[in-house]
Every structure is written in structure tokens, then in C-alpha cells.
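Just so it is clear, the model here is predicted, and its values are computed rather than measured.
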Amino acid sequence: MFSRRTSWELSENPLSLALAERKALGQGVLDLTESNPTRAGVGYPVEAILAGFSDARNLVYLPESKGLLHAREAVAAYFKVRGNQVPVERLILTASTSESYSFLFRLLADPHDRVLLPVPSYPLFAYLADINDVEPAYYQLDFDGLSWNIDLDSIEAAARKGRVKAVILVSPNNPTGSAIKPEELKALNVLCLRYGMAIISDEVFSDYLFGTAKERYISLASNTEVLSFSLGGLSKALALPQMKLGWIAANGPADVLSEALARLDVITDTYLSVNTPVQNACAGWLTMAGEIQQGVLRRVKGNLEFLTQSAEKAEVFLYPVDGGWYAVLRAELGMPEDEWAVALLKDGGVYVHPGFYFDFPAEGHIVLSLLPQPEIFEAGVDRLLAFLKS
Ligand SMILES: Cc1ncc(COP(=O)(O)O)c(C=O)c1O
């Protein structure tokens, strides 16, 4: 009865089962995977956010395919503050970044065409590809001892096999925290032109860059060389995932860009998925970006600092992080990652994600969210490191 594209393995894995069992028994869990900002107690300007809904314009429906003009103007202003000039005609609003991916896959790929995804990366991609009938192909991010680098040869090797319509960048990446470098973008543009590939750049974490990574950061919203789509949204920019507002900023050579925008217009017009109250509120909300992001940055930087010091003391390797909400440890676990994560949960009451969820190429990776409340994070990290030692 059902489509092949939905024939997923739906049973719970041993780690989820162990978590459910622990919770059912009323045993506490130090959750180091918590990445829902609305549960992390980062502090929001509550009154001001709620005031955004009291807008008489919410009673009027204006079906605008790319999103309401004043909302797109607010997003253009957000880009401008970050040094990117994005005219409203090149901005498209969506109901989330995940939806942006779906629309772009529909725009670019026929069934069984391929999109190139980074590994390690975020596990949702495989599902987004399945749902949209595109085949995921992969390129590597390699760690050279100092930073993560895009393995351009693996992009070219995949592109040579044909039918690759887009390369996906996640910058900063989830979970490696690495951002694209200028020389990588230059080389990627050459490959994309050679093989007719577009670039989809997921920049949802670009407001959370640490140290010098902030000055070095490049958004693909300014990439004119190749058809490029820069994705962002309120889920990370304002730590408000429940508001369901994402955006696509398109750029590239004029002819292909205008064709892409015209076709996207039909896709968005077919769904008109972005609700009116959020579009009316977003200009006001975006003026609070600095305040909200400061709160989140304080949290992730504070937790990262604690983790850095603790890992150093325990002689456990912590990958350097350019930005984002995650950190990755590498250690000798003495057993497969999934068994280790279950043992840590059962014996130590600490919940972490094993690296294989994100397709790390080798065993021994542990992925932590940097969002949990400091008391939970610090107690969890202490127990995790003690467990590693034992
Ligand atoms: C890299 C990355 N892109 C996109 C998303 C999804 O964003 P949205 O809530 O806007 O769909 C996430 C969610 O965690 C993410 O980590």
C-alpha cells in the first residue's frame, strides 16, 4: 500500500529504548543532546515576542508567493547588517529550513537525480532526500589536525558519475562546527560551473560564530559565480523554531537566477505555507536578534569553555569549533559507539549522541549539544569524562 520512499526502519534503536526505559522508571537523565532552545532556558524577551502577534494585519490574508513584502524587507535588513546586499526580489520565505530544502530539491532535481551531502553532517538530510525522490551522494569533510576541510576531490569524483544537481554546504556545519573557507568556495565554484551543479548553503548557525571565525565567515548569499541558495531562518537566528519561518536568499549568474526565481515562485505559490501572523511579527522580532543571540552565545560559549578545560584535563580530544550549537569529542571507547552511549546512559545517566548518527568515518566520536543549562551540562560532562576514564 505504501510508497517505497517511506519504507524506513521505524523501530526504536537501543539508545532511544534505554532512554525511554530510564524515563519511565523515573530515573534522572543529564541530557547532553538537548538542542531545543525553548527548553534550554536561554532567556527571551517574552513580552516583546508575544506583542508581535497583536497586529490587526493578521486578520487579512494576502497570498504572496514569495512572502509578504515587509517580511522580506526585514530579512533583507538582517542580511544587510551581516554585510550581504540581498534585494527582496531574491528572497523567498518558507515555513522552515527543511521546507526550503524540499522546495530546492523540487526545483533542481528530477527523480533519482543526486544531491551531494557532507559527511559528517546532520541526519535529517537522508529523509529530506527520500521524501523528495532525490538520491543522496556524499562528499567528505576531513580533519587535518587543525581544522575541517572540504575534500574537493570527493566532490569531483561524485560529480563525474553524473546527475548531481546540487552540492549542499552546511556552514557552520552541524555537528563539526566548521565553516567554509574562501579558498574552498573558489574551488567549489569552479567544480559547480564545470559540472552544472547549484550550491545550497545551509547557514542557519551563522549567527553563532566564535573568535576569528566571525570575521572570516562568508555567506553564499553574496556568491554570484554559481546558482547559489543561502538558507536561514528564525529557528536558529532567533532561537524560535516554533515560529516556523525560514528563508532562501538566491544568487548567481543573471539568466539562471531569474529562471530559478520564476520557477520557485510557482512552487511557493502552490503551497503558500508561511502563516500571516509570523510574517507580520518577524520585522519586530528580528530587531531583537542581537539580544536573543547574545543569550544563546553566552550559553554555548560558556559550555564550550567548560568542555574545553575539562577535556584537556582528562586528555580527551575535543575538535575545534568555528561556530554553532554542537561540539564533538573523540576518544578510545573500547567498544562500538552505540553500545558505549547506551552504557553511559544506563550506568552514568548521561545521554549523548554517538558519532555514527552523523556518519563520522571512524568510531570513537561523541556529539554534545552546547545548549543545555550549565548545571546539567557540567555535571553531564564530568560524569561522561569519569566514565571514559573508568
Ligand atoms: C544544520 C541545520 N539545518 C537546518 C535545520 C532545521 O531548521 P528548521 O527548524 O528551520 O527547519 C537544523 C535543525 O537543527 C540544522 O541543524
Side-chain angles (χ1 to χ4, degrees), residues 8-9 13-16 32-33 35 101 114-130 134-161 164 166-181 183-185 187-188 191 197 199-202 205 213 304 307-308 311 315-344 352-370 384 388:
W8 297 299
E9 172 56 64
N13 66 31
L15 185 58
S16 319
L32 302 190
T33 71
S35 51
Y101 277 114
R114 301 189 301 152
V115 292
L116 262 179
L117 304 166
V119 279
S121 192
Y122 171 62
L124 199 73
F125 286 133
Y127 293 95
L128 283 168
D130 282 352
V134 299
E135 284 178 14
Y138 298 95
Y139 68 92
Q140 266 67 49
L141 298 179
D142 292 331
F143 186 70
D144 66 5
L146 288 175
S147 68
W148 290 94
N149 303 296
I150 295 176
D151 176 355
L152 293 154
D153 291 341
S154 67
I155 294 187
E156 179 145 33
R160 272 215 196 100
K161 290 187 186 149
V164 177
V167 179
I168 293 172
L169 297 175
V170 186
S171 176
N173 186 39
N174 170 2
T176 62
S178 51
I180 189 166
K181 303 177 184 75
E183 63 277 16
E184 289 176 329
L185 178 56
L188 184 62
L191 287 178
M197 304 181 291
I199 304 176
I200 299 175
S201 179
D202 180 334
F205 287 113
L304 183 60
L307 182 63
T308 305
E315 295 180 353
V316 170
F317 183 74
L318 169 68
Y319 285 92
V321 188
D322 286 334
W325 294 358
Y326 300 92
V328 185
L329 295 168
R330 189 184 64 213
E332 196 51 65
L333 303 180
M335 63 178 94
E337 279 167 354
D338 49 343
E339 288 174 29
W340 185 87
V342 171
L344 174 67
V352 296
H353 280 153
F356 82 89
Y357 281 14
F358 304 84
D359 289 327
F360 277 85
E363 281 280 333
H365 291 89
I366 305 160
V367 177
L368 309 182
S369 165
L370 295 170
L384 182 159
L388 266 180

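Scored by the side-chain hydrogen bond (donor to acceptor under 3.5 Å, both in side chains) test, Asn174 finds no partners at all (sequence neighbours excluded). With sequence neighbours left out, the side chain to side chain contact (heavy atoms under 4.5 Å, CB included) criterion links Asp142 to Gln140, Asp151. Arg114 meets the side chain to side chain contact (heavy atoms under 4.5 Å, CB included) test with Glu135, Ala137, Lys161, Val164; sequence neighbours excluded. With sequence neighbours left out, Pro361 forms a side chain to side chain contact (heavy atoms under 4.5 Å, CB included) with no residue at all. With sequence neighbours excluded, the residues that form a side chain to side chain contact (heavy atoms under 4.5 Å, CB included) with Glu156 are Arg160, Leu191, Arg194, Tyr195.
In this structure a side-chain-to-backbone donor-acceptor pair under 3.5 Å is present from Ser171 to Ile180. When atom types are taken as modelled, the side chain of Asp359 and the backbone of Val119 share no donor-acceptor pair closer than 3.5 angstrom.
Ring orientation note: the planes of Phe143 and Trp148 are tilted relative to one another, at an angle of 30° to 60°.
Contact annotation: the side chain of Leu146 never approaches that of Pro320 to less than 4.5 Å [non-hydrogen atoms, C-beta and beyond]. Contact annotation: the side chain of Phe125 approaches that of Ile168 to within less than 4.5 Å [non-hydrogen atoms, C-beta and beyond].
The heavy-atom pair separating Ile200 from Ala166 by the smallest distance is CD1-CB, 4.0 Å. Residues Glu184 and Asn149 come closest through the heavy atom pair OE2-CA, 3.3 Å.
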Return a table of donor-acceptor pairs under 3.5 angstrom between the side chains of residues 323-332 and protein atoms on other chains or two or more places apart.
{"residue": "Tyr326", "atom": "OH", "partner": "Ser35", "partner atom": "OG", "Å": "3.3"}
{"residue": "Arg330", "atom": "NH1", "partner": "Tyr319", "partner atom": "OH", "Å": "3.1"}

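Crowding of Phe317 atom CZ: a count of heavy atoms from other residues, nucleotides or ligands under 6.0 Å exceeding 12.
Here CG of Asp202 is found 7.5 Å from OH of Tyr122. Values are rounded to the nearest 0.5 Å.
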